[in-house]
Amino acid sequence: MTSRPELQAPPEIFYNDDEARKYTSSSRIIDIQAKLSERAVELLALPDDDVPRLLLDIGCGSGLSGETLTEFGHQWIGLDISPSMLDVALEREAEGDLILSDMGQGLGLRPGVIDGAISISAVQWLCNADKSSHEPRLRLKAFFGSLYRCLARGARAVLQVYPENVAQRELILGFAMRSGFSGGVVVDFPHSTKQRKEYLVLTCGQASLNSTIPNAKGEDGESCSDEVDSSGDEKNHSVSVSDRHRPRKKQKLNKKVRGKEWVLKKKDQMRRKGNAVPLDTKYTARKRKDRF
C-alpha cells in the first residue's frame, strides 16, 4: 500500500516538475478529478439561472478541477502552493486566474466576493506540520477564517478531503464551525472501501431551510436518505450534520456565600488580635446592589 502523499513531503516539494506532469498525464487521475469536481459543483447547489458565478478552487493544482468549473460556465480563481503544478496549468491554458499561495496563511481575498468554493484532496494537508513554524491548528484557523470572509453570505464551500482518521476529520470540521460556518460532512458510498468519498459541505453564515445538507450517494449511485439510525456505527452514516458552534454563555460559579454571622466572627477574631476593625453597623455584611 502506497503511503499518503501528505506524509511523504510538503506539497510544494512532493509535487515537483516530474510529479506534476505525471499527475496531469494520468488518465485515471483525470477521470477521478472530473468526477470529484462534478460532485463538488453539484453539492454547491448554485442557482440554476445560467448566470456565471465567481468560484474559488482551493488547491487547484494543474487545473483539472478548474476545467469542470469552466464546463459549467463559471469563472474561477485557482490557488495552489506548488509552482510546478501551476506551471503545468499555464501550459494547459487553464481559463481561471491562478495564484501561488499557501492556504494555511490565509487566502488574502476581498470580503464577500466569492460565490462558492471547492477543494479537491487538499485541505487535509493543513493537518501536517511540514516546517518548525507550522502549527496545524493555527493554519486551519487562518484558512477557514479567511475562507469565511471572502465568501458571499449564504454561499457554500465544498471541500473533498481524505482525513487520515476520525480525529483529523473532527479537527478540520471543528475549526470550520468555529469560523462561523454551518453544515457538516457528506459521505458518498459509505460502505465501500475504494469509492468512499467525504465532502465538507459548509454554508457561510447561519443555516436556513434552503441550506440543508444534501443526501449522499449509495452503492447504486442513487441518493441515500439522511435519516439514519443514530445507534449505528460511523460506517453506516451517509450524512453527518453538525451545527455551527456558538459561544456558550459562561455559567456563574456557585460560590459559597459568607453570611453576616461569619463576618462578625471574623471581625471579633481580628479585634482580639489587636487589629483596628471598623465598628459593627446595620450595613455590616450587607451585599451591595449590582448597579452600585
Side-chain angles (χ1 to χ4, degrees), residues 1-15 19 23 29 32-33 35-37 39-40 43 58-59 61 65 80-82 102-105 117-145 147-148 157-179 181-202 213-219 224 226 228-245:
M1 182 177 179
T2 58
S3 177
R4 298 167 63 95
E6 58 265 28
L7 299 181
Q8 298 184 37
E12 64 271 25
I13 296 177
F14 181 83
Y15 289 109
E19 189 66 28
Y23 184 93
I29 291 178
I32 292 175
Q33 282 279 337
K35 291 180 179 178
L36 293 176
S37 303
R39 177 59 170 155
L43 293 173
I58 304 164
S65 51
D80 201 278
I81 195 174
S82 170
D102 178 8
M103 60 180 170
Q105 296 181 356
I118 70 168
S119 177
I120 308 299
S121 313
V123 176
Q124 71 271 6
W125 289 81
L126 293 175
C127 297
N128 300 308
D130 297 320
K131 301 178 181 178
S132 59
S133 60
H134 283 183
E135 169 54 50
R137 293 177 180 274
L138 295 179
R139 289 170 62 77
L140 285 167
K141 180 180 178 180
F143 167 66
F144 281 112
L147 177 60
Y148 185 88
V158 178
L159 315 175
Q160 187 271 324
V161 295
Y162 290 109
E164 188 176 3
N165 46 48
V166 175
Q168 194 172 96
R169 180 195 305 125
E170 292 178 350
L171 179 67
I172 296 172
L173 183 60
F175 275 95
M177 298 297 112
R178 293 188 192 100
S179 298
F181 286 104
S182 58
V185 181
V186 174
V187 183
D188 285 350
F189 311 107
H191 306 292
S192 173
T193 303
K194 292 184 177 180
Q195 288 186 298
R196 178 187 173 97
K197 296 293 183 294
E198 297 188 18
Y199 300 84
L200 269 67
V201 181
L202 308 173
I213 299 298
N215 291 338
K217 289 185 177 180
E219 300 296 336
C224 297
D226 57 355
V228 293
D229 184 6
S230 60
S231 62
D233 58 10
E234 190 271 336
K235 289 186 178 180
N236 291 330
H237 287 67
S238 59
V239 179
S240 174
V241 180
S242 299
D243 292 329
R244 181 161 59 109
H245 290 180

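Remember, predicted model here, so these are calculated numbers, not experimental data.
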Is there a side-chain contact between [X] and [Y] (heavy atoms, below 4.5 Å)?
| X | Y | value |
| --- | --- | --- |
| L200 | F181 | no |
| L36 | S65 | no |
| L147 | M103 | no |
| E198 | I172 | no |

Taking only residues two or more places apart in sequence or in another chain, which ones pass side chain to side chain donor-acceptor pair (under 3.5 Å) with [X]?
| X | value |
| --- | --- |
| Q124 | none |
| N128 | none |
| S119 | none |

(message) Tell me every residue that passes ring pair (Phe, Tyr, Trp, His ring centres under 6.0 Å) with F14, counting only those two or more places apart in sequence or in another chain.
(response) none
(request) List in chain and number order the residues that pass ring pair (Phe, Tyr, Trp, His ring centres under 6.0 Å) with Y199, two or more places apart in sequence or in another chain; answer none if no residue qualifies. (result) none
So which heavy atom on [X] is nearest to which on [Y], and how close?
| X | Y | value |
| --- | --- | --- |
| F144 | S179 | CB-OG, 3.2 Å |
| L173 | G184 | CD1-CA, 4.3 Å |
| G104 | A142 | O-CB, 3.6 Å |

(request) Please identify each residue that fulfils side-chain contact (heavy atoms from CB on, under 4.5 Å) with L171, with sequence neighbours left out. (result) C127, R137, L140, F175
(request) Using the test side-chain contact (heavy atoms from CB on, under 4.5 Å), find all partners of I29 that sit at least two apart in sequence or belong to another chain. (result) Y23, S26, Q33, L64
(message) Could you measure the distance from the CG atom of D80 to the CD1 atom of I58? Nearest 0.5 Å is fine.
(response) 11.0 Å
(message) Within this structure, what is the CG-CG distance for the pair L202 and L43, rounded to the nearest 0.5 Å?
(response) 11.0 Å
Listing, residues 157-168 side-chain donor-acceptor contacts under 3.5 Å, not counting sequence neighbours, or none:
{"residue": "Q160", "atom": "OE1", "partner": "S121", "partner atom": "N", "Å": "3.0"}
{"residue": "Q160", "atom": "OE1", "partner": "S121", "partner atom": "OG", "Å": "2.8"}
{"residue": "N165", "atom": "OD1", "partner": "A167", "partner atom": "N", "Å": "3.3"}
{"residue": "N165", "atom": "OD1", "partner": "Q168", "partner atom": "N", "Å": "2.8"}
{"residue": "Q168", "atom": "OE1", "partner": "E164", "partner atom": "N", "Å": "2.9"}

(message) Any side-chain to backbone donor/acceptor pair from R196 onto P190? Under 3.5 Å, distance only.
(response) yes
(request) Sequence neighbours left out, what passes salt bridge (Lys or Arg N to Asp or Glu O under 4.0 Å) with E170? Give chain and number order. (result) none
(message) Below 30° counts as parallel, above 60° as perpendicular, anything between as tilted: where do the rings of W125 and Y15 land?
(response) tilted
